[in-house]
Amino acid sequence: MTAQLLSGKVFSEAIRTEVAAEVADIREVHGFSPCLVVVRVGEDPASAVYVGSKVRTAEELGIVSEHLHFPAETSEDEIIAAVRGLNARSDVDGILVQLPLPKHIDEQKVLELIDPEKDVDGFHPVNAGRLMQGHEALTPCTPAGVIEVLKRSGITIAGKNAVVVGRSNIVGKPMAMLLLHENATVTICHSRTADLPGVCSGADILVAAIGRAGFITAEHIGQGAAVVDVGINNVEDPAKARELFGPDDLDKRLATIEKRGFTLVGDVNPRDAMAKAAYFTPVPGGIGLLTVAMLMKNTVTAARMRRKI
Ligand code: NDP
């Protein structure tokens with residue numbers, strides 16, 4: 001069996017087109033454009049790339065965006081004051097504080113300060129609680145993107161065995177809740193799970209959100225499963241790349257390592273997934289693209305909810 005690749009590009013473009021139409025409609029009917037503000041502290045290079053992509057995408061879709069960039073040495077009090085200021089601004093619909101924050105700033109404290117109505121990352125405990133109880137909520141973008149990919153691919157979720165590997169507040173737990181709300185029978189695995197291959201190989205839908213390159217291998221993948229790879233990891237070693245990539249992909253990956261020093265891989269061994277799964281989301285070009293698209297969708301949802309339209 002060769003798995004069908006589920007392209008994040010196709011689905012994220014579809015969502016972006018829908019969001020752009022909704023933004024245009026809001027502007028025409030209600031006379032404003034939703035507004036997203038991204039707060040970044042320090043010089044983390046990955047954060048700079050992510051924020052750049054978020055701000056650029058917002059602009060492309062007609063969403064007003066602001067990027068507040070503070071130096072690494074900014075005090076916690078100053079960041080708190082900035083978030084409070086954004087909470088108070090009536091023109092701001094979405095606030096996103098890019099993680100990680102520098103060590104001297106308490107991330108949880110800052111995230112809990114964001115007005116839940118403007119919490120477009122969906123990390124505030126109020127939104128996490130509303131999601132758990134099945135009420136309307138701003139939902140974390142990555143797991144929401146996974147659900148979009150499954151649904152738009154015509155993959156049945158209701159009644160299926162879904163296994164989520166990873167239990168973070170950002171991905172694993174909300175992922176499990178969203179699958180449960182779609183009527184899957186859900187199992188959550190983590191580093192203390194006994195017999196991980198046994199549990200995973202029984203999954204119709206397997207979502208990997210672990211943070212370990214190519215960790216999920218053939219023994220974890222049931223024949224014909226839908227495998228969703230959330231992980232984003234760097235592989236620098238050509239020998240490791242040879243374990244992960246099949247002949248059709250290997251030369252390109254080795255060339256990328258040669259040129260950039262690394263290539264991106266998910267938490268699933270792509271060679272094994274291609275051989276055993278029915279569906280597989282690639283890395284790069286998979287769920288990562290959905291995360292940004294869903295952030296835009298959340299910004300419009302936040303604007304509609306808080307402005308009651
Ligand atoms: P965390 O580090 O917060 O969580 C990782 C989870 O994996 C933990 O629950 C941990 O278990 C579990 N885990 C670690 N080792 C094992 C193991 N050997 N067996 C089983 N479970 C294990 O990571 P995140 O949830 O934030 O991110 C996960 C991955 O997704 C990362 O690669 C990250 O880069 C990527 N990511 C991608 C996004 C995207 O847009 N595509 C967005 C966000 C994240 P335990 O709780 O027991 O420690």
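Indexing begins at 1, ligand by ligand and atom by atom, following the structure's order. In this text the structure is predicted, and so the values were computed from the model without any measurement.
Both the backbone and the side chain of Ile210 come within contact range of ligand 1, each with a heavy atom under 4.0 Å. With a 4.0 Å cut-off on non-hydrogen atoms, Val230 touches ligand 1 through its backbone as well as its side chain. At a heavy-atom cutoff of 4.0 Å, ligand 1 is contacted by the side chain of Asn233 but not by its backbone.
Close contacts between ligand 1 and Gly288 involve ligand atoms 40 (O), 41 (N) [criterion: under 4.0 Å to a heavy atom]. Remark: ligand 1 atoms within the under-4.0 Å shell around heavy atoms of Thr291 are 39 (C), 40 (O).
For atom 46 (O) of ligand 1, the nearest protein heavy atom (residue, atom name, distance) is Arg167 NE, 2.7 Å. Protein heavy atom at the shortest distance from atom 18 (N) of ligand 1 is Arg212 NH1, 3.1 Å. Nearest to atom 26 (O) of ligand 1 among the protein's heavy atoms is Ser168 OG, 4.0 Å. Of the protein's heavy atoms, Ser191 N, 4.4 Å lies nearest to atom 10 (C) of ligand 1. Protein heavy atom nearest atom 34 (O) of ligand 1, with residue, atom name and distance: Ile232 O, 3.5 Å. The shortest contact between atom 29 (C) of ligand 1 and any protein heavy atom is with Gly211 N, 3.7 Å. Shortest contact from atom 27 (O) of ligand 1 to any protein heavy atom: Val171 CG2, 4.4 Å. Annotation: atom 21 (N) of ligand 1 to nearest protein heavy atom, His190 C, 3.1 Å.
In summary, Arg306 and Asp115 do not engage in a salt bridge, as defined by a charged side-chain N under 4.0 Å from a carboxylate O. In this structure, Glu22 pairs ionically with Arg304, as a charged nitrogen and a carboxylate oxygen lie closer than 4.0 Å. One finds no salt bridge joining Glu117 and Arg130 here, because no Lys/Arg side-chain nitrogen approaches an Asp/Glu carboxylate oxygen to under 4.0 Å.
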Test log, rule salt bridge (charged side-chain N to carboxylate O under 4.0 Å, His left out), inputs Glu76 and Lys109: CA-CA 9 Å; Glu76 185 178 277; Lys109 192 168 166 186; 2.7 Å; yes
Step-by-step side chain to side chain donor-acceptor pair (under 3.5 Å) determination, Ser75 to Glu78: CA-CA 5 Å; Ser75 70; Glu78 284 172 273; 3.1 Å; yes
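Of all non-hydrogen atoms in His124 and Ile114, the two that sit nearest each other are CD2-O, 3.2 Å. Among all heavy-atom pairs drawn from Pro125 and Gln108, the shortest one is CG-NE2, 4.3 Å.
Both Ile287 and Ile170 belong to a single network of hydrophobic side chains, linked directly or stepwise wherever heavy atoms of I, L, V, M, F, W or Y lie under 4.5 Å apart.
Within the structure, the closest approach of Ala209 to ligand 1 falls below 4.0 Å when heavy atoms are considered.
Annotation for Arg89: atom CZ counts as buried by contact number, over 12 foreign heavy atoms lying within 6.0 Å.
Figure legend: Arg40 and Phe70 shown without cation-pi pairing, the cationic atom not lying both under 6.0 angstrom from the six-membered ring centre and within 45 degrees of its axis.
Residue nearest to atom 12 (C) of ligand 1, selected from Gly8, Gly166, Pro143: Gly166 (by heavy-atom distance).
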